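Treat the numbers as computed from the prediction; the structure is a model and nothing was measured. Note that ligands are numbered from 1 as they come in the structure, with each ligand's atoms numbered from 1 the same way.
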Amino acid sequence: MVSIVLVSHSLELSMAVKALAEQQVQGRAVIAAVGGSENPYQPFGTDPVAIAEAIEAVYNDDGVLVLMDLGSAVIGGQVALELLPPELRARVRICSGPFVEGAMAAAVQASIGMDLEAVAREAEEAMQAKIAVLRPAEEPTPSPSLPPDVAGVGEVATTDRASADVLVVNPAGLHFGPAARFVQLAAQFQAEICVTNLSTGAGPALASRLNRLLALGIEKGHLIRIEATGQDAEAAVDLLARQVAHDVARYGYAETPALTSPAAVDAEENGVALLWGQPASPGMAVGDAVVLADPHPLLAAPLERRSAAPFDLQREWERLEAAVHSARSQLETLIAKVRTTLGEEQALIFHAHLLLLEDPDFLDEMRTAIRGGASAEEATRLVVSQWAQRFRQMSGAIFQQRSVDIEDVGSRLLQALGVYEPQAVELPERAIVVAETLLPSQAAMLDQRRVSGICTAGGGAMAHAIILARSMGIPAIVNVGPLLLESVKSGVRLAIDGARGLIVVEPDEPTQAMYAAAQLEANAARAVAWAQAQRFTRTADGIHVEVAANLGTVDDVERALEAGAEAVGLLRTEFLFQDRRTPPDEMEQAEIYARLARTMGERRTVVRTFDIGGDKPAPYLSLPAEANPFLGWRAIRISLTMPEFFKAQLRALMRAAVEGNIHILLPMVSTMNEVLHVQALLAAAANELQAAGASFRADVPVGVMIETPAAVEMADRLAALVDFFSIGTNDLVQYTFAADRTNERVANLYDPLHPAVLRQIDRVLRAAHLQKRWVGLCGEMAADPLAIPLLLGLGLDEFSMAPASIPVAKQIIGRLTMPTARRLAQKALQMNDGDSVRNLVRKTMEGIDVV
Ligand code: PEP
Ligand code: MG
């Protein structure tokens with residue numbers, strides 16, 4: 001296979017182009033990226049020696065194509081050629097094609113085994129495809145520089161010919177990604193395949209030539225004809241037609257198409273019917289359908305006035321306020337659950353629900369409806385359907401799918417108002433949930449052990465419910481259309497393939513066996529990862545680092561141990577009592593902490609004192625609303641101004657410490673005085689326990705969370721006061737960039753992999769290690785596969801994360817050596833931004849086999 005060398009003035013640029021090309025061909029091309037200079041003050045440039053080395057590194061007898069960006073890169077490429085041994089030179093082509101487009105075209109053509117000349121020709125022609133697509137509409141359709149290239153279709157026996165007309169449903173048409181995939185699929189067949197854009201008259205174009213295909217300017221809604229001639233023509237047309245109809249699996253999660261007419265298409269599988277939908281979460285499963293009722297009772301059933309009493313405006317408003325209050329605490333509990341089981345990112349989905357519930361406009365509109373004579377239920381239904389409708393009418397599938405979130409909040413409110421009882425659905429083993437759409441809260445409550453798959457008639461792959469299903473590893477197919485609920489009733493056996501979007505209704509025995517075997521294999525692979533997770537975490541060169549769990553409830557500890565947690569790195573105690581109206585007392589707390597300590601035994605169990613405030617309310621404290629809650633009265637600041645409340649927690653922890661290896665962690669510390677103040681309270685609490693004759697430990701290790709830049713600056717002094725640190729990057733990142741962690745508008749600034757954050761982590765680790773203190777990190781970053789190698793290289797001692805992330809994190813650590821990780825981390829500290837760091841990590845992790 002022809003190899004490709006990309007030469008740019010900027011290493012980041014050539015690496016990014018390489019990554020893009022590799023993504024398009026799913027790694028099926030050998031590409032080297034080279035560029036930039038070693039001089040940190042002048043990072044742009046090209047070095048002919050480095051180019052020659054890159055060519056030699058990927059050289060093979062099929063040849064090497066070299067693509068350059070501009071200026072000295074072009075000269076550098078030519079000089080590099082001179083530096084090569086003569087026997088290699090003959091099979092190296094310096095190509096004049098455009099850098100980005102040429103690289104993409106060359107990668108696709110190389111990946112299907114074209115020779116050097118053909119690959120070079122496609123790279124050189126790559127601009128023509130763009131020109132053809134961008135030409136003004138009034139110009140004649142087929143590009144003058146790309147003549148139709150199909151001849152001889154009529155010379156083949158009719159039996160060897162097949163064709164199909166297909167409507168393109170992908171919102172971006174047959175743009176680069178789907179076109180590249182089309183070319184690769186077409187290359188699997190002997191038949192000569194060509195495509196014509198029937199909507200514009202462009203073509204026919206050979207399906208083996210990416211540029212020709214792109215130049216057809218195929219857009220969403222265009223009708224195209226796929227024709228094949230040759231032995232396997234029929235199979236080729238069948239596969240390619242299905243590919244065009246459903247090509248969203250790889251490229252389309254972010255560009256969800258509105259599939260309106262799912263088609264039943266023949267496949268190898270057999271059953272009573274085959275249904276096709278949009279692939280949304282990969283995996284195969286066999287199971288019995290459980291059809292859920294329509295989750296929108298609020299839009300369907302008319303509401304009855306619940307009481308004959310005369311309308312009382314004040315009473316209706318108070319009922320609504322009470323419902324909002326109860327919906328809010330349900331959501332807080334759900335956020336805590338999702339945060340610990342699936343992670344912070346997934347919990348943000350319900351955070352958005354909370355924000356909607358508190359949105360002043362949303363509440364104002366309901367108030368206005370009540371003033372106009374609507375009951376609390378009617379006001380909810382009216383405003384929720386108006387808001388949902390507004391989102392549905394927005395352009396962009398992602399916004400449209402947010403309407404389901406609004407309805408989810410609406411049904412929660414109606415439930416709180418007593419309009420309907422939530423339906424408890426009994427799920428059998430291996431259930432395949434079938435529904436019109438799935439609400440995010442329904443998805444979050446699914447019992448992962450019982451649900452083998454999800455199929456919805458509507459919805460999209462970026463719907464929050466499906467994002468949750470993906471993070472739980474449940475195969476899912478969406479947008480199947482009305483046929484789904486017409487042909488599938490509860491109890492019907494289904495076999496589903498989430499990667500292809502295929503549902504086999506009442507599959508025959510061989511199909512069931514095939515799907516069950518695939519499911520077993522996937523489960524076995526997962527079981528291996530989980531079984532290996534039970535081992536101690538060691539790097540490939542034998543260094544032990546600890547992988548621990550973040551918990552939001554004590555009940556999650558079993559799951560954490562099952563996932564291979566070696567310790568509890570963070571118990572968020574503020575989540576334990578969220579459904580309470582009165583503060584928890586000392587003995588109640590002591591029992592809960594002791595239960596955890598007993599389960600964990602000698603394993604370290606880090607319990608964080610209440611981190612209330614910011615985005616974590618405590619109904620039992622009735623805290624005042626603040627303009628800037630993240631910069632206000634929160635965490636240790638609250639605890640220190642309520643010493644009796646705080647001491648009850650400290651005493652409870654000292655009591656529980658008798659039962660296991662409890663460590664106390666203090667949140668949001670920004671000054672040394674705060675720590676000194678806590679130490680005084682700890683001493684007072686110990687005296688009180690002593691006086692009460694309690695059994696307790698006074699020497700519980702104490703650590704601080706490093707989550708403010710002030711704590712980073714003072715890390716050397718703080719290290720002298722405490723036993724350990726835990727870096728809270730969720731907060732540290734927001735305070736570093738002054739970007740609220742819950743505000744989507746500034747999410748682009750919130751970058752944990754930015755050197756501004758990495759440098760702070762580096763400083764904290766150095767300061768702590770100098771004084772022989774260990775350091776953990778319990779922000780979401782600890783589980784990020786791209787962050788793990790960096791944190792390892794910086795010398796982190798403990799990675800603490802949601803239990804579900806532990807097995808993969810352990811595998812990543814197990815495949816790295818410390819020298820590799822250290823070198824990587826040191827380079828990352830010198831980078832300019834987060835994207836460069838990410839590219840650097842990706843490059844280093846290439847060839848390191850990680851699931
Ligand atoms: C953090 O800030 O990184 C952290 C772990 O604490 P929380 O997310 O609970 O604020
Ligand atoms: Mg925090």
Side-chain angles (χ1 to χ4, degrees), residues 332-333 335-348 350-351 354 547-553 556 560 565 567-578 606-618 628-639 663-670 674 703-712 715 724-743 747 750-754 757-758 760-761 764 775-784 787-788 791 796 798-803 805-806 809:
E332 279 156 6
T333 311
I335 289 169
K337 175 179 180 301
V338 174
R339 185 181 259 148
T340 48
T341 51
L342 299 178
E344 179 81 13
E345 212 177 301
Q346 285 73 10
L348 279 178
F350 297 102
H351 230 289
L354 207 53
V547 178
N550 290 351
L551 304 183
T553 72
D556 294 333
V568 168
L570 170 68
L571 171 70
R572 291 176 158 111
T573 56
E574 60 279 2
F575 291 149
L576 299 179
F577 311 103
Q578 279 199 323
V606 178
V607 181
R608 182 172 71 183
T609 62
F610 294 123
D611 186 13
I612 294 161
D615 62 339
K616 302 175 195 127
N628 288 311
F630 278 118
L631 300 181
W633 197 39
R634 65 168 289 205
I636 197 73
R637 303 169 186 185
I638 293 182
S639 296
H663 283 46
I664 296 177
L665 180 61
L666 308 174
M668 269 291 289
V669 166
S670 47
E674 286 164 339
V704 294
M705 292 215 46
I706 303 289
E707 41 190 355
T708 64
V712 173
F724 67 98
F725 287 161
S726 186
I727 306 177
T729 42
N730 300 345
D731 275 312
L732 183 59
V733 175
Q734 75 164 344
Y735 295 128
T736 298
F737 295 104
D740 184 334
R741 67 197 243 188
T742 61
N743 186 341
Y750 187 98
D751 188 354
L753 264 71
H754 196 288
V757 178
L758 299 179
Q760 293 186 71
I761 296 173
V764 171
V775 182
L777 192 148
C778 57
E780 286 302 295
M781 182 183 184
D784 178 349
I788 290 172
L791 296 171
L796 189 70
E798 180 217 55
F799 295 69
S800 193
M801 61 194 71
S805 304
I806 291 175

Q. Is the side chain of Tyr735 donor-acceptor paired with the backbone N or O of Leu631 at a distance under 3.5 Å, no angle test?
A. no
**Q.** Check against salt bridge (charged side-chain N to carboxylate O under 4.0 Å, His left out), Asp611 and Arg572
**A.** CA-CA 7 Å; Asp611 186 13; Arg572 291 176 158 111; over 6 Å; no
Q: Kindly give the atom name of the N, O or S atom of Glu707 closest to the Mg ion (ligand 2).
A: OE1
Q: Check whether any heavy atom of Arg608 sits under 4.0 Å from an atom of ligand 1.
A: yes
Q) Pick one: which of Asn730, Asp740, Val757, Thr736 meets side chain to side chain contact (heavy atoms under 4.5 Å, CB included) with Tyr750? A) Asn730
Q. Taking only heavy atoms of Gly728, which atoms of ligand 1 are found under 4.0 Å from at least one of them?
A. 1 (C), 2 (O), 3 (O)
Q) Where does Arg572 meet ligand 1, judged by heavy-atom distances below 4.0 Å: at the side chain, the backbone, both, or neither? A) side chain
Q. Considering only heavy atoms, which of Met705, Glu707, Glu780 lies nearest to atom 2 (O) of ligand 1?
A. Glu707
(Q) Looking at the Mg ion (ligand 2), is there an N, O or S atom belonging to Asp731 that lies under 2.8 Å away from it? (A) yes
Q. Near Cys778, which atoms of ligand 1 are under 4.0 Å from a heavy atom of that residue?
A. 5 (C)
**Q.** Proximal ligand 1 atoms for Asp731, defined as those under 4.0 Å from one of its heavy atoms
**A.** 1 (C), 2 (O), 3 (O), 10 (O)
Q.
So if I count the atoms of ligand 1 from 1 in the order they appear, which ones are less than 4.0 Å from some heavy atom of Asn730?
A. 1 (C), 2 (O), 3 (O), 4 (C), 5 (C), 8 (O)
Q) Should His754 and Phe737 be marked as a side-chain contact (heavy atoms from CB on, under 4.5 Å) after you check the CA-CA gap, both sets of side-chain angles, and the distance that decides it? A) CA-CA 10 Å; His754 196 288; Phe737 295 104; 3.5 Å; yes
Q) Given the rule in the side-chain contact (heavy atoms from CB on, under 4.5 Å) test, do Met705 and Leu666 qualify, once you have shown the distances and angles that lead to the verdict? A) CA-CA 6 Å; Met705 292 215 46; Leu666 308 174; over 6 Å; no
(Q) At under 4.0 Å between heavy atoms, is it the side chain or the backbone of Leu732 that contacts ligand 1, or both, or neither? (A) neither
Q.
Can a donor-acceptor pair be found, under 3.5 Å and without considering hydrogens, that links the side chain of Arg637 to the backbone of Gly632?
A. yes
Q: Quick one: do Leu570 and Val606 satisfy side-chain contact (heavy atoms from CB on, under 4.5 Å)? Show the steps, please.
A: CA-CA 5 Å; Leu570 170 68; Val606 178; 5.7 Å; no
